[in-house]
Amino acid sequence: MAKSKIKIIIAIIALALVVALTAGLIAQSITISKLKQSQEQLQTTYATDENGVNMDNSSTYKMPKTMKFSAVALAANPAGISVNVTAAVEPATATNKAVDWSVMWADTTNTANVSDYVTVTPASNGSTTATITCYKAFTGDILVVVTTREGGYTADCVVSFVGKPTSLKLTSVNANKTGDKYGLGVGITYDFNISLSNAINAVGEAYKDYSVSVVATGDLTVGTYEYDPRGSKTWYNTHSAKLSDYVNDIITCTIAGETLRVTINKSIEGYYSDMVRSGSIKTYHNKVQSVDSECYFTVYVNCKKIGVSVQDTIKVAIDSSVVTGVSISGNGVIEI
């Protein structure tokens, strides 16, 4: 009797195992069937000819002939020098304007990793605008290639390294700065180093060509001053003037190689354009009677090839301790 019960239990367990195994095989068959059907649908949807044109018209999507969207382009380094580039898909009425970008050496024998030097990053996946970024100096040419996703048409542009600067800095050699201005003495030449730079610290020699200009700020009262040492001191024809009217007489700025040289020729308070002597009487023309507002000079230095976008400035004032004139005590007459 016991043996009979054992046989019954074994039969039940075996039947349960058969049922479970059968259910598993059925489920697997359904999954494989669905996967196969999905693959067939994908093949049908994206079937294209050699030009990327859909052959069965089951979808308007055009499979790209080539895919050149590179993950390297996503590793853009903010420290690089960047410029923007735009591709124009033709004709303008084309529906699918998606493109892919890539970089390569123009010289195919160059085995260096091109992305160590230049990358191209699209504004978005398939965008016709992209950013070219250079990370370090290189010789030879690099090609930036754009490829249409529809039809696989390509165009390229050449990237060459010339060391274009993005900033210019003036650094004092022998001038002291108080606040935002350098206080300079009269008759002394002061030097300022000129340095160009960019994000990769590699500037081409052709850019080391500079221009300098000066803008004067300040209001004066000037006139004709007649001085007689016997006691006559007369002002006439006094009028308001701008420091800028006399800037070239007071300050001289020149460029020598990588150096800006600034010389103050005359003080402002003691300025006059010329003096005429007649006997003991001296007549000064355009002599400063008073300084009516803060006076200073702004010196601009810029890279000629780039222009004012690569420029630095310094503000120069005349040191308040400089000599502005001289006189003899008494009435100017000594009788012996």
Side-chain angles (χ1 to χ4, degrees), residues 163-222 240-275 284-327:
K164 187 176 180 180
T166 55
S167 67
L168 185 152
K169 184 68 176 176
L170 296 172
T171 306
S172 171
V173 175
N174 59 336
N176 295 320
K177 192 173 186 180
T178 301
D180 65 340
K181 300 178 184 66
Y182 291 94
L184 307 187
V186 174
I188 303 171
T189 296
Y190 296 86
D191 288 345
F192 296 82
N193 289 332
I194 306 170
S195 57
L196 292 174
S197 185
N198 54 33
I200 60 177
N201 295 316
V203 174
E205 289 296 321
Y207 290 93
K208 296 178 181 180
D209 186 16
Y210 312 102
S211 65
V212 59
S213 59
V214 182
V215 174
T217 301
D219 300 295
L220 310 169
T221 297
V222 301
S240 296
K242 298 289 185 183
L243 180 60
S244 56
D245 296 335
Y246 312 105
V247 60
N248 294 328
D249 287 344
I250 296 175
I251 185 171
T252 299
C253 296
T254 58
I255 301 288
E258 301 294 294
T259 302
L260 164 68
R261 288 183 172 163
V262 181
T263 303
I264 301 297
N265 305 309
K266 301 178 180 180
S267 69
I268 296 174
E269 289 85 349
Y271 174 80
Y272 56 88
S273 60
D274 64 272
M275 185 270 290
Y284 298 84
H285 299 107
N286 296 310
K287 181 173 174 58
V288 173
Q289 184 184 51
S290 63
V291 176
D292 303 326
S293 67
E294 182 184 16
C295 290
Y296 60 90
F297 305 95
T298 304
V299 182
Y300 296 81
V301 174
N302 68 280
C303 173
K304 283 185 179 179
K305 289 179 71 67
I306 304 297
V308 296
S309 61
V310 178
Q311 181 185 81
D312 195 14
T313 63
I314 55 171
K315 289 184 179 181
V316 173
I318 298 178
D319 192 325
S320 60
S321 64
V322 302
V323 175
T324 60
V326 66
S327 64

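- Not counting sequence neighbours, Thr259 has no partner by the side chain to side chain donor-acceptor pair (under 3.5 Å) test.
- Around CG of Asp274, the count of heavy atoms belonging to other residues, nucleotides or ligands within 6.0 Å exceeds 12.
- A distance of 11.5 Å separates CG of Asn302 from OG1 of Thr313, quoted to the nearest 0.5 Å.
- Annotation: the span from Phe297 atom CZ to Ser244 atom OG amounts to 9.5 Å, rounded to 0.5 Å.
- At least one side-chain heavy atom of Tyr210 sits under 4.5 Å from a side-chain heavy atom of Leu168.
- In terms of heavy-atom proximity, Tyr272 sits nearest to Lys266 at O-NZ, 3.3 Å.
- Distance check, rounded to the nearest 0.5 Å: OH of Tyr296 to OG1 of Thr298 gives 5.0 Å.
- Residues Lys164 and Ile306 are in side-chain contact: their nearest non-hydrogen atoms beyond the backbone lie under 4.5 Å apart.
- Side-chain contact, Ser273 with Asp249: no donor N or O sits under 3.5 Å from an acceptor N or O.
- If you check the side chains of Asn198 and Thr166, you find no donor sitting under 3.5 Å from an acceptor.
- A heavy-atom distance below 4.5 Å is not found between the side chains of Ser240 and Asp219.
- Looking at Asp191, its side chain never comes within 3.5 Å of a backbone N or O of Val173 through a donor-acceptor pair.
- Two residues are said to be in side-chain contact when any heavy atoms from C-beta on lie closer than 4.5 Å; Val299 and Val212 meet this criterion.
- Separation of atoms CG (Asn286) and CG (Leu220) is listed at 10.5 Å; rounding is to 0.5 Å.
- Between Leu196 and Cys303, the shortest heavy-atom distance links the atoms CD2-CB, 4.3 Å.
- Proximity of Ile188 to Thr263: side-chain heavy atoms (C-beta onward) are nowhere separated by under 4.5 Å.
- Note that CD of Glu269 and NZ of Lys287 are 10.0 Å apart. Values are rounded to the nearest 0.5 Å.
- Tyr271 and Tyr246 have tilted rings, their planes meeting at an angle from 30° to 60° on a 0 to 90° scale.
- The heavy-atom pair separating Ala206 from Lys305 by the smallest distance is O-CD, 2.9 Å.
- For the pair Ile250/Leu243, a side-chain contact is recorded, criterion being any heavy-atom separation below 4.5 Å from C-beta on.
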Leu170 and Ile194: side-chain contact (heavy atoms from CB on, under 4.5 Å), yes or no, with the steps?
-> CA-CA 5 Å; Leu170 296 172; Ile194 306 170; 3.7 Å; yes
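- Expressed to the nearest 0.5 Å, how far CD1 of Ile264 lies from OG1 of Thr189 amounts to 10.0 Å.
- Scanning all heavy atoms of the two residues, the minimum distance from Cys295 to Gly218 falls at SG-CA, 3.7 Å.
- At least one donor-acceptor pair under 3.5 Å links the side chain of Asp292 to the backbone N or O of Thr221.
- Scanning both residues, Gly185 and Tyr190, for their nearest heavy atoms gives N-OH, 2.8 Å.
- The minimum heavy-atom distance between Ile314 and Leu260, with the atom names listed, is CD1-CD2, 4.0 Å.
- The shortest distance between side-chain heavy atoms of Leu184 and Ile251 does not fall below 4.5 Å.
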